Peer 1: 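The structure under discussion is supplied below as structure tokens; questions concerning it will follow.
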Amino acid sequence: MGIEIERKFLVRDSAFLDGLDGERLTQGYLSHDKRATVRVRLKGGSAWLTIKGETHGASRSEFEYPIPPRDARAMLDELCGEGVIDKTRYLVPHQGHTWEVDVFHGDNQGLIVAELELDHEDQTFPLPPWIGDEVTGDPRYYNSALSKTPYKTVDS
């Protein structure tokens, strides 16, 4: 079984992204159940179906499977309806770690989050100077929640 352990933070200043190349991601949700979310994602010419379990602390089970991009596009168009997430992901190295920084578009425009995957929940790491508040346990910032309740409607 795969386990995802990650910490999530808001980004307070995105100037560090200037000149970096990011990759566009499109993702939608087939299930928003509390115990499990099922996501379909397109990135470039690749696609995945991902099942994530309930979050406990900074950990949750995660199962990810490659699928044909044509199938992913059909699922996004036919099964996900409103609330498809559109974002650009940047991989940003900082002191031996690689941060995934997501700049959201569309209904989530204005939201920028940085995630760091860890080996264990107690792992320590240096925070980059552009990191803002931690939102790891805040369900308003889960991508599955943002697909139903966009950032523009979230009360900070």
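What you see below is based on every heavy atom in this structure, not just the backbone, and it leaves out hydrogens, waters and symmetry mates. Since we're looking at a predicted model, the values are computed, not measured. Nothing fancy with the numbering, it's 1 onward along the sequence.
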Peer 1: Check this for me, if you would: do K87 and E100 make a salt bridge, where the nitrogen-to-carboxylate-oxygen distance has to be below 4.0 angstrom?
Peer 2: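 Not counted as a salt bridge, because no side-chain N and carboxylate O are separated by less than 4.0 Å.
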Peer 1: Short question: side chain of T153, backbone of P150 - any donor-acceptor pair under 3.5 Å?
Peer 2: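 Side chain of T153 to backbone of P150: a pair is present.
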Peer 1: Starting at CZ of F104, measure out to CD1 of I112 and round the result to the nearest 0.5 Å.
Peer 2: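 It is 10.0 Å, given to the nearest 0.5 Å.
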Peer 1: Are any non-hydrogen side-chain atoms of F9 and L116 less than 4.5 angstrom apart?
Peer 2: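 No, side chains not in contact.
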Peer 1: Can you list the steps and then say if E117 with I5 is a side-chain contact (heavy atoms from CB on, under 4.5 Å)?
Peer 2: CA-CA 6 Å; E117 292 208 11; I5 304 169; over 6 Å; no
Peer 1: Could you tell me the separation between the CG atom of D102 and the CG atom of L111, rounded to the nearest 0.5 Å?
Peer 2: 8.5 Å
Peer 1: Could you list the residues that satisfy salt bridge (Lys or Arg N to Asp or Glu O under 4.0 Å) with D86, not counting sequence neighbours?
Peer 2: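 With sequence neighbours excluded, D86 shows a salt bridge (Lys or Arg N to Asp or Glu O under 4.0 Å) to R24, given in chain and number order.
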Peer 1: Can you find a pair of side-chain heavy atoms, one from T55 and one from Y142, that are under 4.5 Å apart?
Peer 2: yes
Peer 1: Do you know which two heavy atoms are closest between G2 and F63, and how far apart they sit?
Peer 2: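 Minimum heavy-atom contact is N-CE2, 4.1 Å.
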Peer 1: Thinking salt bridges, do K52 and E4 make one under a 4.0 Å N-O criterion?
Peer 2: yes
Peer 1: Quick check for you: to the nearest 0.5 Å, what is the distance between Y29 atom OH and M75 atom CE?
Peer 2: 14.5 Å
Peer 1: Check whether I51 and I67 end up in the same hydrophobic cluster, where Ile, Leu, Val, Met, Phe, Trp and Tyr are linked by side-chain heavy atoms less than 4.5 Å apart.
Peer 2: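 The answer is yes; both residues are in one hydrophobic cluster.
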Peer 1: Show me the donor-acceptor pairs within less than 3.5 Å that the side chains of residues 16-23 make with the rest of the protein, sequence neighbours left out.
Peer 2:
none

Peer 1: side-chain contact (heavy atoms from CB on, under 4.5 Å), that's the test. Do T50 and Y65 meet it? Break it down for me.
Peer 2: CA-CA 6 Å; T50 305; Y65 307 98; over 6 Å; no
Peer 1: Do L25 and L76 belong together in a cluster built from hydrophobic side chains that touch within less than 4.5 Å?
Peer 2: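 Result: no, two separate clusters.
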Peer 1: Is I85 reachable from W48 through a run of I, L, V, M, F, W or Y residues, each pair having side-chain heavy atoms under 4.5 Å apart?
Peer 2: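 Not linked; separate clusters.
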Peer 1: Check this for me: does any side-chain nitrogen of one of K8 and E134 sit under 4.0 Å from a carboxylate oxygen of the other?
Peer 2: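 Answer for the salt bridge query: no.
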Peer 1: Where is the tightest heavy-atom contact between R7 and T136, given as atom of each residue plus distance?
Peer 2: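 Smallest heavy-atom distance, with atoms named: CA-OG1, 3.3 Å.
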Peer 1: Identify the heavy atoms of A47 and P69 that sit nearest to each other, and give their distance.
Peer 2: CB-CA, 3.8 Å
Peer 1: Determine yes or no for a side-chain-to-main-chain donor-acceptor pair under 3.5 angstrom, with Q123 supplying the side chain and D119 the backbone.
Peer 2: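 Yes; judged by distance alone, with no hydrogens or angles, the pair exists.
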Peer 1: Kindly indicate whether the side chain of Q95, heavy atoms from C-beta on, has any atom under 4.5 Å from the side chain of P128.
Peer 2: no
Peer 1: How close do S147 and G83 get, counting heavy atoms only, and between which atoms?
Peer 2: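 Here S147 and G83 meet closest at CB-O, 2.9 Å.
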Peer 1: Are any non-hydrogen side-chain atoms of L30 and C80 less than 4.5 angstrom apart?
Peer 2: yes
Peer 1: For Y90, which residues count as a ring pair (Phe, Tyr, Trp, His ring centres under 6.0 Å) partner, sequence neighbours excluded?
Peer 2: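 Here no residue qualifies.
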Peer 1: For A36 and S31, which heavy atoms make the closest approach, and how far apart are they?
Peer 2: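 The answer is O-OG, 3.4 Å.
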Peer 1: Check for me, please, whether Y151 and L10 land in the same ILVMFWY cluster - side-chain distances under 4.5 Å, paths through other members count.
Peer 2: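 Yes, one cluster joins them.
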Peer 1: State the CG-CD distance between D71 and E78, to the nearest 0.5 angstrom.
Peer 2: 10.0 Å
Peer 1: With V101 as reference, evaluate V92, T88, L91 under the side-chain contact (heavy atoms from CB on, under 4.5 Å) test and give the passing residue.
Peer 2: V92
Peer 1: Nearest 0.5 angstrom please: K152 NZ to N108 CG, how far?
Peer 2: 8.5 Å
Peer 1: Could you go through the side-chain contact (heavy atoms from CB on, under 4.5 Å) check for W99 and F125 one step at a time?
Peer 2: CA-CA 11 Å; W99 290 79; F125 52 90; 3.9 Å; yes
Peer 1: Which heavy atom in A114 sits nearest to a heavy atom in W130, and how many Å separate them?
Peer 2: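 Looking at all heavy atoms of both residues, the closest pair is CB-CZ3, 3.7 Å.
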Peer 1: What verdict does the side-chain contact (heavy atoms from CB on, under 4.5 Å) test give for E62 and I3, after you've listed the backbone C-alpha separation in whole Å, the side-chain angles of each residue and the deciding distance to 0.1 Å?
Peer 2: CA-CA 5 Å; E62 179 181 61; I3 299 289; over 6 Å; no
Peer 1: Does a donor on one side chain and an acceptor on the other come within less than 3.5 Å for H120 and S59?
Peer 2: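 There is no such pair (donor and acceptor under 3.5 Å, judged by atom type) between the side chains of H120 and S59.
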Peer 1: Is a side-chain N or O of R12 found less than 3.5 angstrom from the main chain of P129, in a donor-acceptor match?
Peer 2: yes
Peer 1: Could you tell me whether the side chain of E121 reaches within less than 4.5 Å of the side chain of H56, counting heavy atoms only?
Peer 2: no
Peer 1: Side-chain contact test, heavy atoms from C-beta onward, threshold under 4.5 Å: evaluate it for E6 versus L118 and give yes or no.
Peer 2: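 The answer is no, as the side chains (C-beta and beyond) never meet within the 4.5 Å cut-off.
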